Each structure stands twice: as structure tokens, then as C-alpha cells.
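Presented below is the structure to which this report refers.
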Amino acid sequence: MPYLFNVENPEAFLTNQARDVVRRVCGKFPFRANEPGQPSLSEDSNALSKHMTAMLNRRVQVAGFRVERMAIMEISYTPEMAQALLQVQ
């Protein structure tokens with residue numbers, strides 16, 4: 001498959017971009033919504049999937065990639081971390 005720009009390791013490039021998207025999304029959205037209609041990590045997987053897919057496609061299109069779907073299948077924290085996150089929210 002030809003890439004638009006010289007990407008030395010396409011698999012690593014895609015993996016790194018995907019990990020950064022997950023980090024950004026997890027930092028942007030609360031674990032549980034505080035208000036009705038507010039997207040959250042634990043309750044809005046479809047909306048978050050669309051958001052992550054679009055974000056990842058913007059990043060990887062320069063290398064000729066097109067991502068069909070990106071989703072968080074399961075999200076869980078250690079009990080201590082989950083309690084701390086809920087207290088902050």
C-alpha cells in the first residue's frame with residue numbers, strides 16, 4: 001500500500017496516534033456524566049467512537065490511512081483510581 005509521506009514504521013505510527021487519541025478522549029470526557037445529555041466514557045460509547053474515529057482519521061490521513069472504526073470496548077480503573085475520579089467530578 002503506498003503512503004502519502006514516508007512513514008518508516010506505519011504500524012507504529014498508527015498505534016501511537018491511536019493511543020494519543022484515547023488519552024485525549026479519556027482526559028476530555030468524564031467517567032460518568034454530571035448533567036443529563038453530557039457525554040461520558042461509561043455511557044456514550046457510540047458517540048465517543050465516532051469522535052475518536054474522526055480524530056484519528058485527521059491525524060493519520062497524511063500517511064494514507066483511513067480508519068473505519070475506533071472504539072473503547074471496556075474502560076475500568078483500579079478501585080482506588082475510580083473513587084478518586086468520582087470525587088474530583
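Here the structure is a predicted model, which is why all the values come from computation and not from measurement.
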Query raised in the report: What are the two closest non-hydrogen atoms of L48 and L41, and how far apart are they?
Result: CD1-CA, 3.6 Å
Report task. Might you point out which heavy atoms bring L56 and V67 nearest each other, and give the distance in Å? Result -> CD2-CG2, 3.7 Å
Report task. Please list, chain by chain and in numerical order, all residues satisfying side chain to side chain donor-acceptor pair (under 3.5 Å) with E68, sequence neighbours excluded. Result -> R66
Query raised in the report: In a check of side chain to side chain contact (heavy atoms under 4.5 Å, CB included) between P39 and each of V25, D44, N46, which one passes?
Result: D44
Query raised in the report: Can you pull the salt bridge (charged side-chain N to carboxylate O under 4.0 Å, His left out) pairs that have at least one residue in residues 14-31, sequence neighbours excluded?
Result: D20-R23, D20-R24, D20-R59
Requested in this report: Dump the intermediate steps for side chain to side chain contact (heavy atoms under 4.5 Å, CB included) on Q17 and F65, then the final yes or no.
Outcome: CA-CA 11 Å; Q17 295 304 312; F65 287 108; over 6 Å; no
Query - Residues which pass side-chain contact (heavy atoms from CB on, under 4.5 Å) with A71, listed by chain and number, not counting sequence neighbours - result: S49, R69, M73
Measure the [atom1]-[atom2] distance between [X] and [Y] for me, rounded to the nearest 0.5 Å.
| X | Y | atom1 | atom2 | value |
| --- | --- | --- | --- | --- |
| R32 | Q38 | CZ | CD | 13.0 Å |
| N16 | E11 | CG | CD | 10.5 Å |
| C26 | M52 | SG | CE | 8.0 Å |

Query raised in the report: Sub-3.5 Å donor-acceptor pair from the side chain of E43 to the main-chain atoms of S40, do we have one?
Result: no
